[in-house]
There are 2 protein chains.
Amino acid sequence: MPRVGLNQQTLVREAARLADEVGYQQLTLAALASRLGVALPSLYKHIRGADALAQKLSALATAELATELTTAAAGRAGGDALRAMADAYRDYAHRHPGRYPATQRVPDPADPEHVEAGTRAVAAIYAVLRGYGLTDDDAVDATRALRSALHGFVALEAAGGFGLPREVDRSYQQLVAGLDVAFRSWPSAAG
Amino acid sequence: MPRVGLNQQTLVREAARLADEVGYQQLTLAALASRLGVALPSLYKHIRGADALAQKLSALATAELATELTTAAAGRAGGDALRAMADAYRDYAHRHPGRYPATQRVPDPADPEHVEAGTRAVAAIYAVLRGYGLTDDDAVDATRALRSALHGFVALEAAGGFGLPREVDRSYQQLVAGLDVAFRSWPSAAG
DNA sequence: GGCGTTGGCTAAGTGGAATAGCTTTATGGC
DNA sequence: GCCATAAAGCTATTCCACTTAGCCAACGCC
């Protein structure tokens, strides 16, 4: 039995690739083992189980997404930054349909890299919102609104929830334009 | 073997109750059969399988949600209608945490009731947007934006994605207020 | 009351996750 | 270089969910 030379990193990376090909829900230990050319139980030498794999995949995807969001917003401000970030967000979801759902898993407090990735993603959003003069509670609310809108759109799109012929790209542009308008007049003291 | 007197309707209704108790992902045919006091294969006399059950549950939940959205918006207009509908939406997701995810499944074209429920839900949203003077392409875009924002928020909330102490209720109010602002100045001819 | 339809059942197969326990490989100390 | 040991494979087995096949009993109609 020649050794394949697996380790957790190669395993998680291959899981990410596999998920993008077959879908997040179809990512199974059995499929991963088959892909790597080992028997299923062999994976347990490197990862605690299916749930741990999902968590590590989430950390990987979140880190990737955070980096892309940060890069997109760099050197831009206001509506420019918002549009660039929103495009990067949806683009990542399109390019990595299997990884994207993993980013929605809440970071594991016991995994510093996962926590850091989540923090970086939120920080990227915060930075954009600072360009609108939003801080503290307003920034928290606006961050939640932005995440909700982007994730909701991408999730509905992936689920095939947009049946009408109207182009989805344009609807997304309008959504982001609407967010821009909303953030510009975001209430500082609403009740 | 005394007959329990099952039929598809009671089966789907019980599945809805069970899903709300244990979660959508934990709704299994095994759990449902146990709950109904029959052996698992007996369910197949009434439903084609696990996927068909999920589809029927989606039809049920979508119909319920459509009704609640329609009721909430009735007799209101503009921002009033928007807020009432948004509250009804999130309220439904909270009261029915197991049914809500089912509403995201795309209606089965072969199930007229399912299709009708989906149509009613979208129609309720359209009616609210007409109060903002939005029609045609603008209404399509705005509907997608509204659905995205509401679903995204509810999904992130359910996933535990809002870690900070800032009250989630207030964030939701701000989101809806932002949508109101955006819809009032929704671009009629953007490009 | 017979009989067909229907709604239960048991049995068995598939596929994924997980654990136990064995064997082989790679490696580091002497 | 040899060997002890840890690591990385393996097979076998259990558990759980879904599904199909095929049997039998109950109910309902004439």
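Everything numeric in this text was worked out from a predicted model, so none of it was measured. We name chains A, B, ... by the order of the sequence lines, and we start the count at 1 in each one. Keep in mind that the numbers below use all heavy atoms, side chains included, and drop hydrogens, waters and symmetry copies.
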Quiz item: To the nearest angstrom, how far is A/D51 atom CG from C/dT19 atom P?
Solution: 12 Å
Quiz item: Tell me: CZ of B/R48 to P of D/dT20, nearest whole Å?
Solution: 8 Å
Quiz item: What is the distance, rounded to the nearest whole Å, between atom NE2 of A/H46 and atom P of D/dA7?
Solution: 12 Å
Exercise. Please state how far atom CD1 in A/I47 lies from atom C1' in C/dA18, giving the value in whole angstrom units.
Key: 14 Å
Quiz item: How many angstroms lie between OG1 in A/T103 and OH in A/Y89, if you round to the nearest 0.5 Å?
Solution: 5.0 Å
Quiz item: Contacts to DNA chain D from residues 19-45 of chain B, heavy-atom cutoff under 4.0 Å, which residues?
Solution: B/T28, B/L29, B/A30, B/L40, B/P41, B/Y44
Quiz item: If you count the non-hydrogen atoms of other residues, nucleotides and ligands that lie under 6.0 Å from CD in A/E113, is the total more than 12?
Solution: no
Practice problem: State plainly whether the residues B/E68 and B/R95 are in salt-bridge range, i.e. N to O under 4.0 Å. | Solution: yes
Quiz prompt | CA sep, side-chain torsions, deciding dist, call: A/F162, A/F153, ring pair (Phe, Tyr, Trp, His ring centres under 6.0 Å) | solution = CA-CA 9 Å; A/F162 296 148; A/F153 193 96; 5.0 Å; yes
Self-check item: Ionic contact status for A/R17 with A/E21, cut-off 4.0 Å
Solution: no
Quiz prompt | A/R83/A/D80 salt bridge by N-O under 4.0 Å criterion | solution = yes
